[in-house]
Trainee: 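Supplied in structure tokens, the structure appears directly below.
Index from 1, following the sequence.
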Amino acid sequence: MHEYTSTPRVWGLSCPGFPEEVSRARRWTRDILRGSPLAEDAELIVSELSANAILHTASGQESGSFHLALAVSAQVIALSVTDDGAAGTAPKIKLQDQQAEHGRGLGMVSAIAHRVVVHESDGGYTVTAELFAGQPTGGHPC
């Protein structure tokens, strides 16, 4: 990780709501977290949350967008994705059949992250997943 991680650092990225932007969000996350043992988990979380924003909200419509924030300190990595809204209901973990093609993303994020929080944000929702340094991951409910 970076030599200045003793001080919390925050990055932000806004992306148009195109499916190919999910890979851009992953690369951005990977570049910031290069060298961190949590980089792969963070990359997977950003991928799932970004894809959910595009698939299930106005972020994926014409002129839609989604916004990422990445906060890094010595103790925690917090990844947030904010959508453009119009989903009708807040994102929530669904118990799905393991063979289901859809509906398992937020459950997977919850299994990887130490904590997942969903809150309303400017007509849409922000999903924040936290990874704590030096602790085993996963299993914490929203």
Trainee: Could you tell me the separation between the CZ atom of F132 and the OG atom of S73, rounded to the nearest 0.5 Å?
Mentor: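 Between F132 CZ and S73 OG, I get 9.5 Å after rounding to 0.5 Å.
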Trainee: Considering all heavy atoms of both residues, which atom of F66 and which atom of A53 are nearest to each other, and what is their separation?
Mentor: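 F66 and A53 have their closest heavy atoms at CB-CB, 4.0 Å.
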Trainee: Enter the distance from R26:CZ to E21:CD here, rounded to the nearest 0.5 Å.
Mentor: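 So the CZ of R26 and the CD of E21 are separated by 11.5 Å.
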Trainee: Just how far is it from atom CG of D83 to atom OH of Y125, taken to the nearest 0.5 Å?
Mentor: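 The distance works out to 8.5 Å.
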Trainee: Using the rule given for side-chain contact (heavy atoms from CB on, under 4.5 Å), can you reason through W11 versus R9, listing the C-alpha separation, both sets of side-chain angles and the distance that settles it, and then say yes or no?
Mentor: CA-CA 7 Å; W11 290 263; R9 302 285 295 183; 3.4 Å; yes
Trainee: Can you see whether S65 engages H67 through a side-chain donor-acceptor pair at a distance of less than 3.5 angstrom?
Mentor: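 Side-chain D/A pair, S65 to H67: present.
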Trainee: Just wondering, more than 12 heavy atoms not from E120 lying within 6.0 Å of its CD?
Mentor: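 No.
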Trainee: Partners of P19 by side chain to side chain contact (heavy atoms under 4.5 Å, CB included), sequence neighbours excluded?
Mentor: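 If we apply the side chain to side chain contact (heavy atoms under 4.5 Å, CB included) test to P19, skipping adjacent residues, there are no hits.
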Trainee: Could you give the distance from CG (L70) to CD1 (I77), rounded to the nearest 0.5 Å?
Mentor: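 If we round to the nearest 0.5 Å, L70:CG and I77:CD1 are 7.0 Å apart.
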Trainee: Compare all side-chain heavy atoms of V72 with those of P8 and state whether any distance is below 4.5 angstrom.
Mentor: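 No, too far: nothing below the 4.5 Å cut-off.
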Trainee: Decide whether V81 and M108 are clustered together by the hydrophobic rule: side chain heavy atoms of Ile, Leu, Val, Met, Phe, Trp, Tyr closer than 4.5 Å, transitively.
Mentor: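 In one cluster with V81: M108, yes.
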Trainee: I would like to know whether L68 and V46 meet side-chain contact (heavy atoms from CB on, under 4.5 Å); could you show each step before the answer?
Mentor: CA-CA 8 Å; L68 294 96; V46 163; 3.4 Å; yes
Trainee: What are the two closest non-hydrogen atoms of S110 and V116, and how far apart are they?
Mentor: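 Between these two residues, the closest heavy atoms are CA-CG2, 3.8 Å.
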Trainee: For a quick test of reading the model, state the closest non-hydrogen atom pair linking T126 to S121 and the distance between them.
Mentor: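 Closest approach of T126 to S121, heavy atoms only: OG1-CB, 3.2 Å.
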Trainee: State, yes or no, whether a side-chain contact exists between V127 and V117 at a heavy-atom distance under 4.5 Å.
Mentor: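 A side-chain contact under 4.5 Å is absent here.
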Trainee: Rounded to the nearest 0.5 Å, what separation is found between the CZ atom of F18 and the OG atom of S59?
Mentor: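 Going from the CZ atom of F18 to the OG atom of S59 covers 12.0 Å.
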Trainee: Residues two or more places apart in sequence or in another chain: which of them pass side chain to side chain contact (heavy atoms under 4.5 Å, CB included) with A78?
Mentor: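 A71, T128, E130.
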Trainee: Please report the shortest heavy-atom distance between T57 and G85, naming the atom on each side.
Mentor: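 Result for this residue pair: CB-O, 3.3 Å.
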Trainee: Tell me, do I54 and V22 make a side-chain contact under 4.5 Å, heavy atoms counted?
Mentor: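 A side-chain contact under 4.5 Å exists here.
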Trainee: Just jot down the side chain to side chain contact (heavy atoms under 4.5 Å, CB included) partners of I45, sequence neighbours excluded, or say none.
Mentor: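 L49, L79, V109, I112, A113, A129, L131.
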Trainee: Just how far is it from atom OG of S47 to atom CZ of R30, taken to the nearest 0.5 Å?
Mentor: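 Here the interatomic distance stands at 10.5 Å.
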Trainee: Less than 4.5 Å apart, side chain to side chain, heavy atoms only: is that true for R24 and C15?
Mentor: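 Yes - at least one pair of side-chain heavy atoms lies under 4.5 Å apart.
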